[in-house]
Structure formats: structure tokens, C-alpha cells
**Student:** 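Quick one: structure below, then a few questions.
Only heavy atoms go into these numbers, but all of them, side chains included; no hydrogens, no water, no symmetry mates. Here, residue 1 is the first one in the sequence, and each next residue gets the next number.
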Amino acid sequence: MGQKINPLGFRLGTTQSHHSFWFAQPRNFSMGLQEDEKIRNNIKNYIQKNRRISSGFEGIARIRIKKRIDLIQVIIHIGFPNLLIEGRTRGIEELQINVKKEFHFSNRRLKIAIKRVEKPYEQANILAEYIALQLKNRVSFRKAMKKAIELTEQTNTKGIQVQIAGRIDGKEIARVEWIREGRVPLQTIRAKIDHCSYTIRTIYGVLGIKIWIFVD
């Protein structure tokens, strides 16, 4: 039987590091994990509501969380920072207030920072959001996948694989379609692979998008 493992978890400690960094007693671990997930969802929802109508998507590559006893530090790696702060001088402050309101941090300070990603289309999450937007706009899935691969090839990556599963184009039977360009060595731990699994709701049902990018 094929034994599947997440490419990011497979490479922890070599080419990948944790997106959350904190320590907790075993009995408090699940609470901390749920808190991280809620913070991430809250930030994504806020950016989605307050983005400009003309902008395509949020462009969040990842959200890193570091916790200390008296401080929660959130670093948002974003491909297009103007989506959050253009024309909004208090964009980050408003975001901080919104998150604080939701969670009622009594004895801990919250600090949110924005970090620009140099090559947005080298990030699997941003690419998955791009494909999801194309599929929502009724673009052919093959055209969307090929365009995403073209955008990634401009960033000098070594290889990319894109997979879409579900009722593609509204067909009765669900199927899996994938396309690969270049090398994607999933068995090599030293190979830096950026992986993303993304869900999109369409009028025909839920589609799943998976992307593997061989960065270096």
C-alpha cells in the first residue's frame, strides 16, 4: 500500500520549519493549537472582507505565530501587501484590534507584522488561491493549471505539480486531473518542496487543489 505523508512534515528540521513556535504543558497543548487555528482564520477572514474589489485574492503565503508568556507575535507573509494596507493608514492597527476583540487576550500583548514575499508565485498557497479564483470565474481547469505553471516558471523554480480533484467542469463522476513540469523529487528529504492543499466551493460541489513546488 502507498504510504502518504505531508511533504512539509516529512522535511521538518531539514528544509522546513514549524509555522507555530511555542511551548506548552501536555494538557494545554490542544488549546494552544486551536487558538493558533482561530487566529489564522480570523486574519484571513478580515483580509478577505476588507480587500479591494478589483484585487484578485488575499495572497497570503503563510502566517507564522510565536508565543511567549506575555506576548503573541504574528508574522503575515503576504505576496501583495497593498491588499491590506494601501489607502488604509491604520490597516495593521485595525487588524490587531479586530483579533484582540475576538480572543480577549487579558495578560498577553498582541503584535502583528507584515512581511513581503519577494516572489509571490513561488508560494504554493498563493498559486492555489489564483487557481481557485480562475475556477470560480468558470475558466477551464486546464487553462487555469497551465497559466499557474507559466507564472511559476517565471520565478526560476525547478519543477511544479498541480492536481485538481472533484466534479471538474460539473461532470457527474468525480475525477483527478494533474499536470507536472520539471522535477518534483518527493522522496528526497534535502529537496525543498513547498506544498499546499486548498479547498474551493463551486456551484457543482467542492474541488480540492494540491500543489507541489520544487523550490531548490
**Student:** How about NZ on Lys67, more than 12 heavy atoms from neighbouring residues, nucleotides or ligands closer than 6.0 Å, or not?
**Tutor:** yes

**Student:** To the nearest 0.5 Å, what is the distance between CG (Asn6) and NE2 (His195)?
**Tutor:**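 Those atoms lie 5.0 Å apart.
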
**Student:** Can you name the nearest heavy-atom pair linking Asn125 to Cys196, along with the distance?
**Tutor:**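 Reported closest heavy-atom pair: OD1-SG, 3.2 Å.
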
**Student:** Can you label the angle between the Phe29 ring and the Trp22 ring as parallel, tilted or perpendicular, going by 30° and 60°?
**Tutor:** tilted

**Student:** Does the side chain of Arg40 come within less than 4.5 Å of Ser20's, by heavy atoms?
**Tutor:** yes

**Student:** Say you draw a straight line from CZ of Arg138 to CD1 of Ile203; how long is it, rounded to the nearest 0.5 Å?
**Tutor:** 3.5 Å

**Student:** Which atoms form the tightest heavy-atom contact between Ile179 and Met145, and what is the distance?
**Tutor:**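 It is CG2-CE, 3.5 Å.
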
**Student:** Starting at CZ of Arg190, measure out to CZ of Arg11 and round the result to the nearest 0.5 Å.
**Tutor:**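 Separation between the atoms: 11.0 Å.
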
**Student:** A quick test of your reading: do over 12 heavy atoms of other residues, nucleotides or ligands sit less than 6.0 Å from CZ of Arg175?
**Tutor:**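 Enclosed: over 12 neighbouring heavy atoms sit under 6.0 Å from CZ of Arg175.
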
**Student:** Step through the shown structure and confirm whether more than 12 heavy atoms of other residues, nucleotides or ligands are within 6.0 Å of CD1 on Ile69.
**Tutor:** no

**Student:** If every non-hydrogen atom of Ile168 is compared with every non-hydrogen atom of Leu207, which pair is closest and at what distance?
**Tutor:**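 Heavy atoms only, the tightest pair is N-CD2, 4.1 Å.
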
**Student:** Take Val184 and Ile193 through the test side chain to side chain contact (heavy atoms under 4.5 Å, CB included) and record every step on the way to the result.
**Tutor:** CA-CA 8 Å; Val184 186; Ile193 302 282; 4.2 Å; yes

**Student:** Nearest 0.5 Å, please: how far is CG in Leu8 from CD in Gln16?
**Tutor:**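 So the gap between those two atoms works out to 5.0 Å.
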
**Student:** Using a strict cut-off of less than 4.0 Å between a Lys/Arg side-chain nitrogen and an Asp/Glu carboxylate oxygen, indicate whether Glu177 and Lys171 qualify as a salt bridge.
**Tutor:**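 Salt bridge between Glu177 and Lys171, a charged N being under 4.0 Å from a carboxylate O: no.
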
**Student:** Has Arg116 got a side-chain atom pairing as donor or acceptor with Gly79's backbone, closer than 3.5 angstrom?
**Tutor:**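 Pair found, side chain donor or acceptor close to backbone of Gly79.
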
**Student:** Please examine the side chains of Ile164 and Leu135, heavy atoms only from C-beta on, and report whether any two atoms are closer than 4.5 Å.
**Tutor:** yes

**Student:** Return the minimal non-hydrogen interatomic distance between Ala191 and Phe214, and the atom names on each side.
**Tutor:** CB-CE1, 3.6 Å

**Student:** Quick one: CD1 on Ile72 to CD1 on Ile39, what's the gap to the nearest 0.5 Å?
**Tutor:**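 Here the rounded value is 5.0 Å.
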
**Student:** Going from CD on Gln134 to CD1 on Ile209, what distance comes out if it is rounded to the nearest 0.5 angstrom?
**Tutor:**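 It is 10.5 Å, given to the nearest 0.5 Å.
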
**Student:** Should we count NE2 of His18 as having more than 12 external heavy atoms under 6.0 Å?
**Tutor:** no

**Student:** Give me the atom names and distance for the closest heavy-atom approach of Ile213 to Gln123.
**Tutor:** CD1-C, 4.1 Å

**Student:** Which atom pair, heavy atoms only, marks the closest approach of Asn42 to Glu102?
**Tutor:**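 Shortest heavy-atom separation between Asn42 and Glu102 comes out as ND2-CG, 3.3 Å.
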
